Protein chains: 2
Amino acid sequence: MQPKKPSTIRDVAAAAGVSTATVSKFINGQQRFSAEVEARMKTVIEQLGYRQNPLARSMVTGQTKSVGLAIMDVRNPHFANIVKGANRVAIEHDYNLLVVDLEESPKREQELLGALSRRVDGLIVSSRIPLETVDWLAQQGKPVVFFGAIQRQGVVAVRTDGYRAANMLGRHLASQGRKRFAYVGFPQARWNTERLQGLQDGLAQIGASARVFDVNLPTPEEGEAICSRVLLADDRPDAVVCYNDLVALGFMHEAQSLGLKVPDDVAVAGFDDIPLARYANPPLTTVDMQSERQGVVAMERLLGALAGNWPDADTLLEPRLVARQSTGRQ
Amino acid sequence: MQPKKPSTIRDVAAAAGVSTATVSKFINGQQRFSAEVEARMKTVIEQLGYRQNPLARSMVTGQTKSVGLAIMDVRNPHFANIVKGANRVAIEHDYNLLVVDLEESPKREQELLGALSRRVDGLIVSSRIPLETVDWLAQQGKPVVFFGAIQRQGVVAVRTDGYRAANMLGRHLASQGRKRFAYVGFPQARWNTERLQGLQDGLAQIGASARVFDVNLPTPEEGEAICSRVLLADDRPDAVVCYNDLVALGFMHEAQSLGLKVPDDVAVAGFDDIPLARYANPPLTTVDMQSERQGVVAMERLLGALAGNWPDADTLLEPRLVARQSTGRQ
DNA sequence: TTGAAAGCGCTAACAG
DNA sequence: CTGTTAGCGCTTTCAA
């Protein structure tokens, strides 16, 4: 831990016998200089190991070259995928990513987002925050892109069509001969409603509808915990759609522990198509919500906004049904 | 997107009829002023909605109040957990987290880490980067804490005892009556070696040893892909230890597709105890490597270093065997 | 208890 | 082609 003060642009300028302005323009590639001068600067820079201080640069340019990303829980593969996508695009464009995990609790979120907002050029934020915070963020004067379902004037969102996703799932289940349906939802999430609606509309075709249950968190533990309540009711459902794959996996596991066969006794499905869905036993039917793509697109749109294009329309991604054995024909 | 320039400390000072120095000291709580002056400043600050510009502050204090975290893949629950733990501690201490996902490829990692390094007060970095990059990082003059196995003079690491972890797994398997062992490793990882060694030593007790196979990435896909090669060999193993739970889950799935019963025909185990390990079918035996704790401790130690305590010893966390049905008695 | 002034390291006119 | 100068918004001596 030797202090070793980094050299400044002034050190370089002095050592190369030029002005700081020259050095600045040189390292930013904004202007060419005589071969001699350029060579001298190059050498000195290497010798001194000089590198720009991004903070000082930001101060004057007003650009931090970093963006904030606020998610509810990195542990949820849906969010991890968003981080993944956003990270890749950010790196490609030489932007840094300031990540904050809100831990599924809107407790300090305004404070955290506020602190973040001052350090970045723009923000990508989960739509699962209070509407007042959404509005407040929109007022902060920095571009914000939300991911997830959100209907609000003047805010831009990137999302995957949850209505269609659930609708497809509903019709799929119906086509497999299922008759009695349940939906295990997560009301805190903005898109819970559209998923439920899509499902109900899908089932309406065959004159059916789903009974609704709720979990408190989108986790396998919660799926496991609610399972018996769903399956031990009278007139047991023979098809259960869960808010996401994590809930579905927990649910399916517990159903099997309860002695039920999946898919024979009950079909189980989720949303997201997390990597492990394929490797469940039986493999889990789900809908690919394109989480990573959401991250990519959100970042692209944000960077676009920072570059001056600020189109106001939302981006709607198409979901893709991934039918696997957990909803096999009855 | 109204520009709406944020007000500066100068605006506040002017409006309150005091000097910027006074405002600065006031908002930083470094000094008390007459009730009258304080009241005026307070009012003005609220009216103007003034908030400090952290960049300007960093420029002069030399502290960014943010730390960098470099991981190989957020999608891997092991790393997601590290982010989780680090995030929590960072927030508690009012630090920001700059995350970079290296995407399992050491291609641009020095460049990325270099860019990161200038923007943060310290770094937490995966040990799975080239040793030369480790050394180079250590020279950068900023505190760095590594997580994962790494033996290098003068660098601090936080890790979980991989030798013990694998050793426990080996002895567990042996105690369950297993006889023929295989280890599916991931050589790129620094702790692959110690896990292998621990396993072999554990098996040596009963005079056995494990045949070694390698995957190219620590993913379920790779576990799936290598499965047949491992299980269709002569003298088929009756116990397979995989580099991590993801590989194990992929492997187990494929083993079952191949018609083998887990654990009757073959026991499967992994490392990390990812959340879904419990919900696999059968539930996966694994070793809890305390990923989240690693993130917590790494961040605590880094923040400690920034506060002046820079102890040189590594932190070694204890693994915990989590025996589940995938290695049930034969 | 308060303020004036000197920068932190860098870029951006504007001159030459 | 190259240099001078004036800040970005803030903290921090040092005086008053």
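Bear in mind that the values here come from a model prediction, so they are computed numbers and not experimental data. Letters A, B, ... are given to chains in the order of the sequence lines, protein chains preceding strands, and every chain is numbered from 1.
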How close or far is atom [atom2] of [N] from atom [atom1] of [X], stated in whole angstroms?
X        : N      : atom1 : atom2 : value
A:Leu55  : C:dG9  : CG    : P     : 11 Å
B:Asn53  : D:dC10 : CG    : C1'   : 8 Å
B:Met41  : C:dT1  : CE    : P     : 12 Å
A:Arg118 : D:dC10 : CZ    : C1'   : 11 Å
B:Phe26  : D:dG9  : CZ    : P     : 22 Å
A:Ile9   : C:dG7  : CD1   : C1'   : 16 Å
B:Ile45  : D:dC10 : CD1   : P     : 11 Å

Would you say the side chains of A:Gln63 and A:Ser58 form a donor-acceptor pair under 3.5 Å?
->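 Note: A:Gln63 and A:Ser58 side chains miss the donor-acceptor criterion.
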B:Asn76 and B:Glu104: side chain donor to acceptor below 3.5 Å =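 The criterion, which ignores hydrogens and geometry beyond distance, is not satisfied for B:Glu104 and B:Asn76.
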Verify, without hydrogens or angle tests, whether B:Asp314 (side chain) and B:Val158 (backbone) share a donor-acceptor contact under 3.5 angstrom.
->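 No, because the side chain of B:Asp314 does not come within donor-acceptor range (under 3.5 Å) of the backbone of B:Val158.
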Among [options], which nucleotide sits nearest the side chain of [X]?
X       : options                : answer
B:Arg57 : D:dT11, C:dA13, C:dT11 : D:dT11
B:Asn28 : D:dT11, D:dG3, C:dC10  : D:dT11
A:Lys25 : C:dC10, C:dC14, D:dT11 : C:dC14
B:Gln52 : C:dT2, D:dC10, C:dC10  : D:dC10
A:Val60 : D:dC1, D:dT11, C:dC10  : C:dC10

[N] phosphate, OP1 or OP2, under 4.0 Å from [X] side-chain N/O:
X       : N      : answer
B:Ser34 : C:dT1  : no
A:Gln30 : C:dT11 : no
A:Thr61 : C:dA12 : no
B:Thr20 : D:dC10 : no
A:Arg10 : C:dC8  : yes
B:Ser24 : D:dT11 : yes
A:Ser19 : D:dG3  : yes

Check against side chain to side chain donor-acceptor pair (under 3.5 Å), A:Asn53 and B:Arg118 = CA-CA 7 Å; A:Asn53 178 334; B:Arg118 293 289 269 156; 5.3 Å; no
Closest-nucleotide ordering on DNA chain D, the 5'-leading residue of B:Thr22 and B:Met59 =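 Looking at DNA chain D, the more 5' nearest nucleotide goes with B:Met59.
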Whichever of A:Val37 and A:Ala56 has its nearest DNA chain D nucleotide further upstream toward 5' |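 Taking each residue's closest nucleotide, the earlier one in sequence belongs to A:Val37.
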Could you tell me, to 10°, how much the axis swings from one end of the helix from C:dT1-D:dA16 to C:dG16-D:dC1 to the other, five pairs per end?
->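 Angle reported: 40°, given to the nearest ten degrees.
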On DNA chain C, nearest-nucleotide positions of A:Ile27 versus B:Arg32: which is more 5'?
->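 The answer here is B:Arg32.
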Exceeds 12 heavy-atom contacts within 6.0 angstrom, atom CZ of A:Arg108 =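 It does: A:Arg108 CZ has more than 12 such atoms within range.
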A:Arg40 atom CZ, over 12 foreign heavy atoms within 6.0 Å =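 Enclosed.
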Step-by-step side chain to side chain donor-acceptor pair (under 3.5 Å) determination, B:Arg301 to B:Thr315 | CA-CA 9 Å; B:Arg301 295 209 48 183; B:Thr315 300; 2.7 Å; yes
Indicate yes or no: at least one non-hydrogen side-chain atom of B:Leu97 is less than 4.5 angstrom from one of A:Leu98.
->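 A side-chain contact is absent here, since even the closest heavy-atom pair is not under 4.5 Å.
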Using a heavy-atom cut-off of under 4.0 Å over every strand shown, decide if A:Tyr50 touches base, sugar-phosphate, or nothing.
->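 A:Tyr50: backbone/sugar contact only, no base atoms under 4.0 Å.
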